[in-house]
Amino acid sequence: MPWAASSLHSPSPDSNAAIALQNDSVVTLHSRGILPKDSSEQYEIAFWNSIKDSNYPADYEAYLKAYPNGRFAALAHARIDRLRAAASSTAPSAATPAAPSAAPAQAAVRPSTPAASASPAAQEHPVTTPKPAVSAAPPAPGPAAPPAAAITAVAQKPITHPPVAGESRDCATCPIMIAVSAGSFSMGSSTDDPSEKPVHHVSIGAPFAIGKYAVTVDQWNACVAANACQKLTPESNTNKAAPARDLSWDDAQQYVKWLSKTTGKPYRLPTEAEWEYAGRGGTTTAYWWGDQMRKGNANCKDCGDPWHKEGPEVAGSFAPNPLGLYDMNGGVWEWTADCWHNSYQGAPTDGHAWDSPGCDMRVIRGGSWREGGGYMLSATRFKYSAGVRQSQDGVRVVKDLR
């Protein structure tokens, strides 16, 4: 989401921060996901590049939580100030009925967020291009950032698709689920991303059901209405038919707990192996549709229309994979149950979650509308801190069928 700011006529932290970056070497990132070991500087650059065009203060707050003294801290503070000032200048007058106000930036981080002094490596997020570059010049002055209500609206009406074999729904506001048979597949890839190696054989021993779509804003709000889930960040969840986002892993756990209690069925997050198994849909190619990017199959910034810079499209806007699952590629990154590991060395081969006591970093899969086609591959993976919300992160649920 491009960031637009009001003009400033005097030197600002924004420009000072950019000038300070002119002498910094730009780190070239050679992989889509995990970066070279013990390289917190590269992780910080990866995080910054994933949010640097955002017009949501919450994204910059998340960066500052991770890197309170980071190289982009002054820039982040300046952008937060500009966005708040722009929002204030466009706020309705007392005589005008007020629109729902945007949540303050602080609300984007759960109370369980790691303290600001936590290790920088604890808060990474995917870069938006394989080889991002840090701009050495301040952004050009532009018009004030629009309030959430003024952002170009995407169609609100849900897209309906005919049911497929094995499709079910446990309640009117529950996600539609599709049954997936037990089976085996080769997980990972032999690309230059070390986190996707080694390619290993995984056997999914029991069938399960997985969401036909990512959980939508409307579905999430049913949990909020039951006082079982956190309210969504309003400025990034205006489209009720689009995937819910700004969700932490902890938020997602609240949702599956509520689903399980409401339906009496065993809902949970997918394991990483289950997610890739379902996402591939029986294919072995780089993407489920083949080895080359093909426009119109994924919701990403260079993947073809429909696409809007403000956020993900309505759930189901693109073609389904061979299992009838929509938007496994792009849209929003989706949380899995697994703890993050830097590679698949020692990973389970039975499809179970790879967990660790006290684990904070969790695996996210699938890419989002902000990334390019290089992130839409079936094997792409990344990590994020379980307690922190970010505007690209959503959830798709699984249900045991035993």
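Note that these values count all heavy atoms, side chains included, but never hydrogens, waters or copies made by symmetry.
- Remark: Glu276 engages Arg280 in a salt bridge, criterion side-chain N to carboxylate O under 4.0 Å.
- Using a distance-only test at 3.5 Å, with no hydrogens or angles considered, a donor-acceptor pair links the side chain of Asn321 to the main chain of Gly279.
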Legend entry - Residues Glu272, Lys383; criterion salt bridge (Lys or Arg N to Asp or Glu O under 4.0 Å); working and verdict: CA-CA 11 Å; Glu272 188 179 9; Lys383 57 182 173 180; over 6 Å; no

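- Without hydrogens or angle criteria, Thr216 side chain to Gln219 main chain gives a donor-acceptor distance under 3.5 Å.
- By the 6.0 Å and 45° rule, Arg381 stacks over the aromatic ring of Tyr344.
- Ser368 contributes atom OG, which lies 8.0 Å from atom CD of Gln390 (distance to the nearest 0.5 angstrom).
- For the residue pair Asp193 / Ser195, a side-chain donor-acceptor distance below 3.5 Å is found, with atom types taken as modelled.
- Separation of atoms SG (Cys229) and CG (Asn221) is listed at 9.5 Å; rounding is to 0.5 Å.
- Separation of atoms CH2 (Trp48) and OH (Tyr60) is listed at 5.5 Å; rounding is to 0.5 Å.
- Atom SG of Cys174 sits about 7.5 Å away from atom CZ of Arg169, to the nearest 0.5 Å.
- In terms of heavy-atom proximity, Ala273 sits nearest to Gly351 at CB-CA, 3.8 Å.
- Between Met376 and Cys303, the shortest heavy-atom contact is CG-SG, 3.9 Å.
- Side chains of Met361 and Ser385 form a contact here, defined as non-hydrogen atoms less than 4.5 Å apart.
- Under the salt bridge (Lys or Arg N to Asp or Glu O under 4.0 Å) test applied with Arg370, the options Asp393, Asp302, Asp59 reduce to a single match, Asp59.
- Partners of Asp291 by side-chain contact (heavy atoms from CB on, under 4.5 Å), not counting sequence neighbours, listed by chain and number: Thr285, Ala286.
- Among all heavy-atom pairs drawn from Ala214 and Val332, the shortest one is CB-CG2, 4.3 Å.
- A donor-acceptor pair is defined here as one N or O able to donate and one able to accept, closer than 3.5 Å; such a pair exists between the side chain of Trp369 and the backbone of Lys309.
- Under the side-chain contact (heavy atoms from CB on, under 4.5 Å) test applied with Arg362, the options Asp338, Leu269, Asp355 reduce to a single match, Asp355.
- With contacts defined as side-chain heavy-atom distances shorter than 4.5 Å, the pair Tyr277/Val202 does not qualify.
- Across every non-hydrogen atom of Ser54 and Leu83, the tightest pair is O-CD1, 4.4 Å.
- Residues His201 and Ser184 are in side-chain contact: their nearest non-hydrogen atoms beyond the backbone lie under 4.5 Å apart.
- The two residues Thr380 and Arg365 come nearest to each other via the heavy atoms O-NE, 2.8 Å.
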Inset, instruction - Could you walk me through whether Trp249 and Tyr384 pass ring-ring contact (aromatic ring centres under 6.0 Å, His included), step by step? - result: CA-CA 9 Å; Trp249 189 86; Tyr384 206 62; over 10 Å; no

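- Residues Glu334 and Pro270 form no side-chain contact, since every pair of their non-hydrogen atoms from C-beta on lies 4.5 Å or further apart.
- Aromatic ring pairs are classed by plane angle as parallel below 30°, tilted from 30° to 60° and perpendicular above 60°; the pair His161 and Tyr326 is parallel.
- Checking Asp251, Asp250, Asp246 one by one against Arg389, the salt bridge (Lys or Arg N to Asp or Glu O under 4.0 Å) holds for a single residue, Asp251.
- Distance check, rounded to the nearest 0.5 Å: OG1 of Thr191 to NZ of Lys197 gives 6.0 Å.
- Closest approach of Ser186 to Val199, counting heavy atoms only: CB-CG1, 4.0 Å.
- For the pair Asn329 (side chain) and Gly373 (backbone), a donor-acceptor distance under 3.5 Å is absent.
- Side-chain contact between Met328 and Leu323 is absent, with no heavy-atom pair separated by less than 4.5 Å.
- Between Tyr287 and Trp289, the ring planes are parallel. Angles under 30° get that label, and only those over 60° would be called perpendicular.
- Here Cys300 contributes atom SG and Glu371 contributes atom CD; the two are 8.5 Å apart, rounded to the nearest 0.5 Å.
- Residues Ile210 and Glu274 are not in side-chain contact: their nearest non-hydrogen atoms beyond the backbone lie 4.5 Å or more apart.
- Considering only heavy atoms from C-beta on, Thr271 stays 4.5 Å or farther from Pro348 through its side chain.
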